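All remarks here apply to the structure that follows.
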Amino acid sequence: VKFQIVARGGENTTAIASGNFGKVVVRIWGYSHSSMGVRRASDILGELTFMKYCYDCGIPIPKVLTSTSGNNYETLPGGSSYMVMEYVEGDEPNHYSNKMISDVARTMAKMHDIVQTFSFPDGRSWPGTILDATRTRIEKYQLLTPMPINENTRVLDAAIATFEGMLSRTNLQALRRGVIHGDIMWENIKCRQDKLTGIFDFDDCRESFFVEDMAKSIMH
């Protein structure tokens with residue numbers, strides 16, 4: 001068996017295993033989820049349950065494969081948990097055509113529609129809010145337009161103050177909520193001939209505002 005790590009982060013590690021069985025994707029969860037705290041077993045169960053629900057509803061995501069013990073995930077001797085998924089053909093997009101953007105948008109809209117009948121079996125440790133990681137998001141945007149540190153800080157603080165001021169005048173009850181993927185961006189999708197073939201990395205899925213899902217995808 002050939003085992004190749006294709007992504008390594010603080011939250012999880014992803015590898016491709018290949019052999020006479022073909023190719024599969026192995027995902028190893030970290031002990032925590034960024035600054036959101038220690039990862040619970042219920043967080044893994046919630047992620048897997050949402051993935052299965054989306055797969056059964058026809059969303060293009062990899063199927064989670066069961067182990068020889070019949071489980072959706074297993075635990076390594078060191079304590080980390082992992083799962084095995086089918087390998088989805090396609091390429092990480094290096095451009096964005098109107099057709100591809102429309103395909104991603106329609107798929108996200110379908111996900112937001114089907115979750116009206118879905119709920120996590122035991123909640124999630126990191127419920128989202130409309131202010132979720134706002135400073136981090138704006139800081140990433142600021143990196144695209146470099147400026148002196150003091151000026152950068154001033155612009156960042158002003159942007160956040162403006163955003164929070166607008167938020168205080170917004171009727172949040174009018175915004176639709178539900179379970180979101182939370183991270184549909186170029187690193188987490190595959191396409192083939194401008195058609196979406198797979199959505200990956202459901203680590204951020206949680207209850208939040210649908211507009212948060214859309215805003216993050218548009219930003220990236």
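Computed from heavy atoms alone, side chains included, the values below leave out hydrogens, waters and symmetry copies. Since we're looking at a predicted model, the values are computed, not measured. Along the sequence shown, residues carry numbers from 1.
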Tracing side-chain contacts under 4.5 Å among Ile, Leu, Val, Met, Phe, Trp and Tyr outward from L76 reaches V1, F3, I5, F21, V24, V26, I28, L65, Y82, V84
Connected-component partners of F200 among ILVMFWY, side-chain separation under 4.5 Å: V88
Any donor-acceptor pair under 3.5 Å from [X] side chain to [Y] backbone:
X: R39; Y: E11; value: yes
X: E86; Y: K63; value: yes
X: R124; Y: F120; value: no
X: D213; Y: G182; value: yes
X: S67; Y: S69; value: yes
X: N188; Y: M185; value: no
X: D194; Y: M100; value: no
X: S217; Y: M214; value: no
X: T14; Y: V6; value: no
X: K52; Y: E47; value: no

Quick test of your reading of the model: are D113 and K110 salt-bridged, counting only N-O distances below 4.0 Å? no
Hey, are D91 and R192 close enough for a salt bridge, meaning a charged N less than 4.0 Å from a carboxylate O? yes
Write down the atom of [X], the atom of [Y], and the distance for their closest heavy-atom approach.
X: K190; Y: G90; answer: CD-O, 3.6 Å
X: I114; Y: Y53; answer: O-OH, 2.7 Å
X: P121; Y: G46; answer: CD-CA, 4.3 Å

Side chains of S42 and R40: is there a donor and an acceptor less than 3.5 Å apart? yes
Within the 3.5 Å criterion, strictly below it, is a donor on D204 or H181 matched to an acceptor on the partner's side chain? no
Take K216 and D183, measure what side-chain contact (heavy atoms from CB on, under 4.5 Å) needs, and give me the verdict at the end. CA-CA 7 Å; K216 184 169 184 181; D183 207 16; 2.8 Å; yes
For a 4.5 angstrom cut-off between non-hydrogen side-chain atoms, does [X] reach [Y]?
X: V104; Y: I199; value: no
X: M108; Y: I184; value: yes
X: V115; Y: F50; value: yes

Starting from the C-alpha separation in whole Å, work towards a yes-or-no answer on side-chain contact (heavy atoms from CB on, under 4.5 Å) for V38 and Y31. CA-CA 6 Å; V38 175; Y31 294 108; 5.9 Å; no
How long is the straight-line distance from [atom2] of [Y] back to [atom1] of [X], given to the nearest 0.5 Å?
X: H33; Y: S125; atom1: NE2; atom2: OG; answer: 9.5 Å
X: K23; Y: E89; atom1: NZ; atom2: CD; answer: 6.5 Å
X: D203; Y: I44; atom1: CG; atom2: CD1; answer: 9.0 Å
X: D103; Y: K195; atom1: CG; atom2: NZ; answer: 5.0 Å
X: R27; Y: W29; atom1: CZ; atom2: CH2; answer: 6.5 Å
X: I189; Y: T107; atom1: CD1; atom2: OG1; answer: 9.5 Å

Hydrophobic cluster membership, with links at side-chain heavy-atom distances under 4.5 Å among I/L/V/M/F/W/Y: are L45 and I61 in one? no
Please determine whether the number of non-hydrogen atoms from other residues, nucleotides or ligands lying under 6.0 Å from atom CD of E92 exceeds 12. yes
Check whether more than 12 heavy atoms from other residues, nucleotides or ligands sit under 6.0 Å from atom CG of N98, and answer yes or no. no
Partner of M83 under side chain to side chain contact (heavy atoms under 4.5 Å, CB included), chosen from N72, V25, N71, L48: L48
Which is it for S18 and Y87 under the side chain to side chain donor-acceptor pair (under 3.5 Å) test, yes or no, and what are the steps along the way? CA-CA 10 Å; S18 56; Y87 180 83; over 6 Å; no
Could R176 and F210 be counted as a cation-pi pair, given that NZ or CZ must be under 6.0 Å from the ring centre and within 45° of the axis? no
